[in-house]
**Q** 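Have a look at this one.
We count ligands from 1, going down the list as the structure has it; atoms in each ligand are counted the same way. Small disclaimer: the values here were computed from a predicted structure and weren't measured. Numbers here simply count residues along the sequence, with the first being 1.
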Amino acid sequence: MENKEFFYRRLHSLLGVVPIGIFLLQHLTVNHFAAYSPESFNKAAHFMESLPFRYALEIFVIFLPILFHAVLGVYIVLTAKNNVRRHGFFRNWMFLLQRISGIITLVFIAWHVWETRIQIGLGTKELGFNMMEDILSNPFMFAFYLLGVVSTTFHFANGLWSFLVTWGITVTPRSQRIATYATLIVFLAVTYIGVRALFAFV
Ligand code: HEM
């Protein structure tokens with residue numbers, strides 16, 4: 001029983017980086033083509049759409065890993081009382097923010113997938129620059145996307161920090177401090193890429 005829980009927690013941790021984290025980087029990079037021109041974005045988006053084994057990739061590399069990570073993530077948020085770990089003030093805050101950003105990210109991803117990928121699948125919308133331009137022209141939706149993207153990039157970068165601890169890569173206080181700065185740089189870089197793309201659509 002305990003072994004099983006250990007295994008699921010390790011799988012949860014791993015999936016947060018591979019493939020979900022990698023997919024996030026790829027997705028935000030493709031979006032960033034919007035910062036060059038609508039045509040660049042359409043070219044990049046249609047290239048992704050034309051990949052071979054598209055449905056298998058979407059299901060096994062994106063949907064199922066996120067579903068597993070999100071379901072266990074919600075369970076962890078609701079049940080884990082492990083915030084009594086003796087960390088400093090800063091790390092306790094990061095621990096709490098990891099959970100809050102996980103929930104915001106879940107709501108955002110669910111809505112985002114519904115209004116883009118699922119609508120495209122149903123044939124009610126067409127993939128392209130104009131689709132995102134339409135969505136983001138509403139100031140409320142723009143604010144929601146801004147919150148959603150920053151929440152996701154924070155969750156990913158701060159998750160990288162705890163991933164390194166979970167897998168025993170950063171053990172000493174010194175290496176964990178270095179990881180704090182490294183993941184801060186990851187957060188700033190990935191957030192810049194994600195947010196710059198949002199502004200390109202308006
Ligand atoms: C793009 C989407 C997401 C990415 C890239 C991502 C990435 C990560 C990463 C890298 C970790 C660190 C794993 C570790 O501590 O070893 C993590 C932890 C966590 N994630 Fe996510 N995640 C995403 C979505 C979600 C969602 C939707 C939820 C749902 C609530 C969630 C809940 C959590 C929780 C609770 C933890 C902390 C686990 C712990 O401290 O033991 N995540 N995530």
**Q** For residues Phe156 and Thr105, determine if any side-chain heavy atom of one lies less than 4.5 Å from a side-chain heavy atom of the other.
**A**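 A side-chain contact under 4.5 Å is absent here.
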**Q** Heavy-atom distances under 4.0 Å are what count here, so tell me which part of Val165 touches ligand 1: side chain, backbone, both or neither.
**A**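 It is neither; nothing of Val165 touches ligand 1.
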**Q** Quick one: which of His12, His27, Arg99 has a heavy atom closest to atom 34 (C) of ligand 1?
**A**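 When every heavy atom of His12, His27, Arg99 is considered, His12 comes closest to atom 34 (C) of ligand 1.
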**Q** Please work out which of the three classes, parallel, tilted or perpendicular, describes the rings of His112 and His27, given edges at 30° and 60°.
**A**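 Tilted: the ring planes of His27 and His112 meet at 30° to 60°.
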**Q** Which pairs would a plain distance check flag for residues 123-133, meaning a side-chain donor or acceptor within less than 3.5 Å of a matching protein atom at least two apart in sequence or in another chain?
**A**
unit_1: Thr124; atom_1: OG1; unit_2: Gln119; atom_2: O; d: 3.2
unit_1: Thr124; atom_1: OG1; unit_2: Gln119; atom_2: OE1; d: 2.6
unit_1: Lys125; atom_1: NZ; unit_2: Glu115; atom_2: O; d: 2.9

**Q** Examine the proximity of ligand 1 to Thr166 and report which part, side chain or backbone, both or neither, has a heavy atom under 4.0 Å away.
**A**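 Just the side chain.
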**Q** Under a 4.0 angstrom heavy-atom cut-off, which atoms of ligand 1 come close to Ile20?
**A**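 Checking each atom against Ile20, I get 1 (C), 2 (C), 3 (C), 4 (C), 5 (C).
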**Q** Give the atom numbers and elements of ligand 1 that come within less than 4.0 Å of a heavy atom of Leu106.
**A**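 Near Leu106, meaning under 4.0 Å from one of its heavy atoms, ligand 1 has 27 (C).
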**Q** Could you tell me if the ring centre of Phe199 sits under 6.0 Å from that of Tyr145?
**A**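 Aromatic pair excluded; centres sit 6.0 Å or further apart.
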**Q** Would you indicate whether the side-chain heavy atoms of Leu14 and Trp167 approach each other to under 4.5 Å?
**A**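 In contact.
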**Q** With a 3.5 Å cut-off and no angle check, do the side chains of Thr166 and Arg9 form a donor-acceptor pair?
**A**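 There is no such pair between these side chains.
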**Q** Can you say whether the rings of Phe140 and Phe144 are parallel (under 30°), tilted (30 to 60°) or perpendicular (over 60°)?
**A**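 The arrangement is parallel - the two ring planes meet at less than 30°.
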**Q** Tell me, please, if His69 has any N/O/S atom, main chain or side chain, under 2.8 Å from atom 21 (Fe) of ligand 1?
**A**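 Yes.
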**Q** Please could you name the atoms of ligand 1 that Arg9 approaches to less than 4.0 Å, counting only its heavy atoms?
**A**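 The list of qualifying atoms is 39 (C), 41 (O).
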**Q** Out of Thr183, Leu25, Thr152, whose heavy atom sits nearest atom 1 (C) of ligand 1?
**A**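 The nearest heavy atom belongs to Thr152.
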**Q** Report the part of Ile66 in contact with ligand 1, treating N, CA, C, O as backbone and CB onward as side chain, heavy atoms under 4.0 Å; options are side chain, backbone, both, neither.
**A**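 Under 4.0 Å from ligand 1, Ile66 contributes no heavy atoms.
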**Q** Which of the atoms of ligand 1 are close to Ser162, meaning less than 4.0 Å from one of its heavy atoms?
**A**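 The list of qualifying atoms is 12 (C), 14 (C), 15 (O), 16 (O).
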**Q** Give the atom numbers and elements of ligand 1 that come within less than 4.0 Å of a heavy atom of Phe163.
**A**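 Selected atoms, number and element: 14 (C), 15 (O), 16 (O).
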**Q** Look at the rings of Tyr192 and His32 and say which category their plane angle falls in: under 30° parallel, 30 to 60° tilted, over 60° perpendicular.
**A**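 Because their plane-to-plane angle lies in the 30° to 60° range, the rings of Tyr192 and His32 count as tilted.
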**Q** Going by the atom numbers of ligand 1, which of them fall below 4.0 Å from some non-hydrogen atom of Val17?
**A**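 Per the distance check, 10 (C).
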**Q** Need the ligand 1 atom indices (1-based, order shown) with element for anything under 4.0 Å from a heavy-atom of Ser13.
**A**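 Those atoms are 13 (C), 14 (C), 16 (O).
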**Q** Check ligand 1 against Val77 and write out every atom of the ligand that is under 4.0 Å from a heavy-atom position of the residue.
**A**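 Selected atoms, number and element: 35 (C).
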**Q** Running the 4.5 Å side-chain criterion over Ile, Leu, Val, Met, Phe, Trp and Tyr, what cluster does Ile185 land in, apart from itself?
**A**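 Same cluster as Ile185: nobody, lone residue.
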